[in-house]
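Okay, structure first, notes after.
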Amino acid sequence: MSVELATGLGGVALFAAPGWALSGCFPALRRLSPLRRFAYAYPLGVVAVAGSLYALSHLCGVPLRPPAVWTICGLPILAGAAAWVVRKRPPPPASQGKARWGVRRWVRRSGGPLPIACAVLAAAAGLGVVAEAVSSPVTDWDGRMTWCVQARYLRHAGTVDAGVLRDRRWWLSNPRYPLLLPVAQVAVLEAFVADQDSHSFRLLYVAFFPALLLLIYDGARRSAGRSAAATGALLAALIPFFSYGDGGAVSTYSDMPLACFFGGGVLLLLGRTPRGAQAATGIAAGLLLAGAVLAKEEGSLLAIFALLLGGFLGAGRQRSVAQRGEPASPRRQPPVRSLAAAAAAAVPVGLALLLFASWRAGVPSRQDVNYLGLLVDGRWWPGVLTHIGESLPALLHGMYNWQHWSLFWWMAPLLLLAGRRALRRPLHRRLLAAAAGPPLVAVAAYALYSRPVFLAVVSWERFLLQAAVPLLIVLAAALRDVAARRLVPVLTRAPGEARS
């Protein structure tokens with residue numbers, strides 16, 4: 001177990017270190033605190049390392065072996081170090097003295113006792129997930145049937161174009177699914193020369209759990225304050241499905257990574273862009289959305305949805321400002337900067353779509369559902385409403401499953417209704433629109449598929465997980481609005497508000 005734990009932690013560092021160096025190249029991420037920066041750095045590292053291996057293996061024939069893995073890991077670190085050296089660092093003020101630290105001062109700087117208590121409880125939940133991952137092999141269905149099997153084939157062949165994928169005579173489960181996470185598994189096992197039966201790569205998936213919680217915290221802190229943001233992150237940590245469900249942290253499904261890629265990209269794309277850094281922020285968002293494209297099949301739709309949402313909102317604000325004939329408010333995001341960020345984000349997403357299309361063209365379909373063919377065929381239309389109606393009981397059963405969600409879906413609508421004033425802020429409305437993306441993709445799939453009930457039973461809760469980051473941020477904002485009505489006074493404190 002100690003060897004598995006050491007290899008697993010080394011695998012996490014294999015992506016966290018390049019991602020941390022890469023995040024230093026983006027001003028919007030560089031200014032964050034270390035924990036909040038990790039929320040973006042780790043997914044960025046997975047995209048940079050596994051995505052580069054994916055592209056180089058397919059386009060250039062680079063073998064998936066230790067020299068390639070370590071070289072690709074080292075390049076972002078060198079680039080980040082070079083950027084740190086050339087970046088101008090202002091000298092500290094002459095009047096600045098040594099800070100006096102103590103327990104009371106640390107509690108105040110942390111936002112008070114409530115955020116600290118939430119962090120402790122969330123860390124305890126995370127340690128339970130880590131213990132489960134390092135002490136047992138993969139037991140989830142898709143992990144054993146699809147992702148880990150494909151990783152074994154890739155590692156044996158040393159390429160993402162393994163013959164077993166490209167030969168129609170071999171039966172495989174979903175052979176045309178994108179391979180970002182299986183490639184990441186191979187990178188961990190190859191980098192540390194692990195045995196083929198090692199399950200140390202499981203911490204690769206577990207590390208997305210704290211990244212998800214910190215993304216929620218980072219997004220909510222900017223508009224709801226530390227206390228409400230910490231409460232929202234704790235709520236996500238205590239949802240059983242996020243930890244132990246099929247698609248949660250202990251599984252080897254790609255849904256929690258996709259939730260981080262999509263959620264992080266949406267936060268960067270729809271949030272406020274630092275002045276003069278719109279292109280850099282857009283590229284960072286595009287890299288995360290490119291990870292969504294290469295992580296799961298529906299990730300392509302979600303990435304395009306996020307780009308359209310960011311571009312549409314920016315164009316709408318620009319048209320509104322032009323009609324009024326007034327300059328944009330300095331507090332609001334200038335529309336041109338929003339459009340520039342969306343345009344910059346489209347470049348990595350477009351490259352990822354081309355890579356996925358090129359790789360997939362050489363893999364014959366054996367078990368994959370051809371949704372595009374069903375859509376073009378046109379015979380699905382008479383059964384759309386029937387399929388949605390048939391799947392509705394399965395959707396409600398999944399949402400109100402006590403073992404998976406506890407009281408969450410009973411509480412969330414009531415909280416949004418009670419804290420509806422939070423939706424007056426444009427950012428919260430944008431995030432709520434982004435949270436609707438994964439469920440809309442799911443409902444569209446159920447409308448097209450010939451067995452909608454079966455598909456809804458096995459996939460609906462995972463689509464809800466993919467929408468977790470923007471949804472939980474809006475819920476945290478609604479929580480603060482409820483608190484502002486004197487229900488929970490300790491949560492009324494906003495960023496920059498004077499403390500009593």
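Note that the structure is predicted; figures quoted are calculated from it, not measured.
- Cation-pi check for Arg451 over Phe454 is met; the charged atom lies under 6.0 angstrom from the ring centroid and within 45 degrees of its normal.
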**OP:** Test Phe201 against Cys148 for side chain to side chain contact (heavy atoms under 4.5 Å, CB included), laying out the working first.
**Re:** CA-CA 10 Å; Phe201 60 83; Cys148 295; 3.7 Å; yes
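- Without hydrogens or angle criteria, Glu4 side chain to His199 main chain gives a donor-acceptor distance under 3.5 Å.
- Val138 has its side chain out of reach of Trp147: every pair of non-hydrogen atoms, C-beta onward, lies at least 4.5 Å apart.
- The only member of Leu395, Val441, Val453 that meets side-chain contact (heavy atoms from CB on, under 4.5 Å) when paired with Tyr446 is Leu395.
- In this structure the side chain of Cys260 reaches within 4.5 angstrom of the side chain of Leu215, judged on heavy atoms.
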Show every donor-acceptor pair shorter than 3.5 Å between a side-chain atom in residues 6-13 and any protein atom, with sequence neighbours excluded, or say none if there are none.
residue : atom : partner : partner atom : Å
Thr7    : OG1  : Val3    : O            : 2.9

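- Side chain of Ser251 to backbone of Gly248: a donor-acceptor contact under 3.5 angstrom is found.
- Closest of all the heavy-atom pairs between Ala21 and Ile77 is CB-CA, 3.6 Å.
- Aromatic rings of Phe209 and Phe242 (six-membered ring for Trp) have centroids beyond the 6.0 Å cut-off, not under it.
- Side-chain atoms of Ser52 come within 3.5 Å of backbone N or O of Ala48 as a donor-acceptor pair.
- Tyr244 contributes atom OH, which lies 13.5 Å from atom NE2 of His404 (distance to the nearest 0.5 angstrom).
- Using modelled atom types, no side-chain atom of Gln150 and backbone atom of Leu172 make a donor-acceptor pair closer than 3.5 Å.
- Between Val46 and Pro257 the shortest side-chain heavy-atom distance does not fall below 4.5 Å.
- Looking at Trp405, its side chain does come within 3.5 Å of a backbone N or O of Gly398 through a donor-acceptor pair.
- Expressed to the nearest 0.5 Å, how far CG of Leu415 lies from CG of Leu235 amounts to 8.5 Å.
- The structure places CZ of Phe38 at 9.0 Å from CH2 of Trp20, a figure rounded to the nearest 0.5 Å.
- No donor-acceptor pair under 3.5 Å is formed between the side chain of Trp460 and the backbone N or O of Ala394.
- With rounding to the nearest 0.5 angstrom, the CG atom of Asp195 is 9.0 Å from the CG atom of Leu189.
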**OP:** Give the C-alpha distance, both sets of side-chain angles, the deciding distance and a yes or no for side chain to side chain contact (heavy atoms under 4.5 Å, CB included) between Trp409 and Asn401.
**Re:** CA-CA 9 Å; Trp409 289 111; Asn401 186 329; over 6 Å; no
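- In this structure, Thr71 contributes its side chain and Pro67 its backbone to a donor-acceptor pair below 3.5 Å.
- Within the 4.5 Å cutoff, no side-chain heavy atoms of Thr252 are placed close to those of Asp142.
- In this structure, the side chains of Gln185 and Arg202 stay at 4.5 Å or more apart for every pair of heavy atoms.
- Using a 4.5 Å heavy-atom threshold, the side chains of Pro393 and Leu396 count as separate.
- Ring centroid separation for the pair Trp70 and Phe192 comes in under the 6.0 Å cut-off.
- No side-chain donor from either of Ser365 and Arg176 sits under 3.5 Å from a side-chain acceptor of the other.
- Of all heavy-atom pairs spanning Leu203 and Ala133, the tightest one is CD2-CB, 4.2 Å.
- Annotation: the span from Phe356 atom CZ to Tyr177 atom OH amounts to 10.0 Å, rounded to 0.5 Å.
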**OP:** Evaluate side-chain hydrogen bond (donor to acceptor under 3.5 Å, both in side chains) for Glu132 paired with Ser136, printing each intermediate quantity in order.
**Re:** CA-CA 6 Å; Glu132 170 68 22; Ser136 60; 3.3 Å; yes
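- From Arg65, atom CZ reaches atom CG of Leu53 across 11.5 Å, with rounding to the nearest 0.5 Å.
- The main-chain N or O of Arg221 is never found under 3.5 Å from a side-chain atom of Arg226 such that the two would form a donor-acceptor pair.
- The main-chain N or O of Ala194 is never found under 3.5 Å from a side-chain atom of Ser198 such that the two would form a donor-acceptor pair.
- In plain terms, the two heavy atoms of Ala39 and Leu214 that are nearest each other are CB-CB, 3.5 Å.
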**OP:** Apply the test side chain to side chain contact (heavy atoms under 4.5 Å, CB included) to residues Val266 and Val469: give CA-CA distance (whole Å), side-chain angles for both, the deciding distance (0.1 Å), then the verdict.
**Re:** CA-CA 9 Å; Val266 162; Val469 172; over 6 Å; no
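- Using a 4.5 Å cut-off on side-chain heavy atoms (C-beta onward), Tyr153 and Trp170 make no contact.
- Nearest heavy atoms, Leu269 versus Ala345: CD1-CB, 4.0 Å.
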**OP:** Begin with the C-alpha distance, continue with both residues' side-chain angles, and end with the deciding distance and a verdict on side chain to side chain contact (heavy atoms under 4.5 Å, CB included) for Leu258 and Tyr253.
**Re:** CA-CA 9 Å; Leu258 177 56; Tyr253 286 51; over 6 Å; no
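- No side-chain heavy atom of Met256 sits less than 4.5 Å from a side-chain heavy atom of Tyr205.
- Distance alone, capped at 3.5 Å, places no donor-acceptor pair between the His428 side chain and the Val474 backbone.
- Using a cut-off of 4.0 Å between Lys/Arg side-chain N and Asp/Glu carboxylate O, Asp140 and Arg144 are scored as not salt-bridged.
- Nearest heavy atoms, Ser57 versus Val160: OG-N, 3.0 Å.
- Remark: Asp246 does not engage Arg462 in a salt bridge, criterion side-chain N to carboxylate O under 4.0 Å.
- Across every non-hydrogen atom of Ala224 and Ala476, the tightest pair is CB-O, 3.9 Å.
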